[in-house]
Amino acid sequence: MDIKIPFYIHKVGAGFPSPATDYIEDDVDLNDHLIKNSPATFIIRVQGKSMNNVGIYDGDLLIVDRSINPKNFSTVIANVNDELVVKTILKEKGKTFLTSGLDKSSEKIYLANDQEIIIWGVVTYVIHQVHH
């Protein structure tokens, strides 16, 4: 699916106002910018607030790449007890955990070799609405 949106040449400042231009450079296909490996990529919607402290909010869309190997502090989609969750990988003292963000939360889920926890993929982008 092509998602083409006008791309303006002029950059927007986050500080003081600058003169605006109405010149469009080209259309941009968001797939080119957000998806690196389309056969391994899916989008999933967040339900819940456990990841608010890392900027992932209820209702956000997550772009997830199954071909990326998770590293320490990667945000991942995991199947835990037949429930899909978004969590952060945390490695410490030779053990790997899933947590609700970058803090060393007491709600750590230990990834033991015998547990039925499957990492489905690494979150590459978060899309959320700017609230007014």
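The basis for the numbers below is simple: all heavy atoms, side chains too, and nothing from hydrogens, waters or symmetry mates.
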### Task
Walk me through it: do Val76 and Val123 pass the test side-chain contact (heavy atoms from CB on, under 4.5 Å)?
CA-CA 5 Å; Val76 299; Val123 175; 5.9 Å; no
### Task
Test side-chain contact (heavy atoms from CB on, under 4.5 Å) on Leu98 and Ile89 and set out the steps.
CA-CA 5 Å; Leu98 294 176; Ile89 295 271; 3.8 Å; yes
### Query
Under the side-chain contact (heavy atoms from CB on, under 4.5 Å) criterion, do Glu92 and Lys108 qualify, and how do the steps go?
CA-CA 11 Å; Glu92 59 181 25; Lys108 290 190 249 182; 2.5 Å; yes
### Task
Show your reasoning for whether side-chain contact (heavy atoms from CB on, under 4.5 Å) applies to Arg45 and Asp60.
CA-CA 6 Å; Arg45 186 174 301 277; Asp60 284 357; over 6 Å; no
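Distance CZ/Arg66 to CD1/Ile119: 11.0 Å, rounded to 0.5 Å. To the nearest 0.5 Å, the span separating OH on Tyr110 from CD1 on Ile117 amounts to 10.5 Å. Once rounded to the nearest 0.5 Å, the distance linking CD1 of Ile127 with CG of Leu34 reads 5.5 Å.
Partners of Ile43 according to the side chain to side chain contact (heavy atoms under 4.5 Å, CB included) rule, which considers only residues two or more places apart in sequence or in another chain, are Leu61, Ile63. Val85 meets the side chain to side chain contact (heavy atoms under 4.5 Å, CB included) test with Ala78, Val80, Glu83, Lys87; sequence neighbours excluded. Partners of Ile68 by side chain to side chain contact (heavy atoms under 4.5 Å, CB included), not counting sequence neighbours, listed by chain and number: Asp65, Val122, Thr124. When the side-chain hydrogen bond (donor to acceptor under 3.5 Å, both in side chains) test is applied to Asn37, the partners found at least two apart in sequence or on another chain are Ser67. Annotation: ring pair (Phe, Tyr, Trp, His ring centres under 6.0 Å) contacts of Tyr57 (sequence neighbours excluded): His128. Applying the side chain to side chain contact (heavy atoms under 4.5 Å, CB included) test to Asn72 and every residue at least two apart in sequence or in another chain returns Leu90, Lys91.
The aromatic rings of Trp120 and Phe42 lie perpendicular to each other, with more than 60° between the two planes, well past the 30° mark.
Using a 4.5 Å heavy-atom cutoff, the side chains of Val46 and Leu62 are in contact.
No more than 12 heavy-atom neighbours from other residues, nucleotides or ligands sit within 6.0 angstrom of NZ on Lys49.
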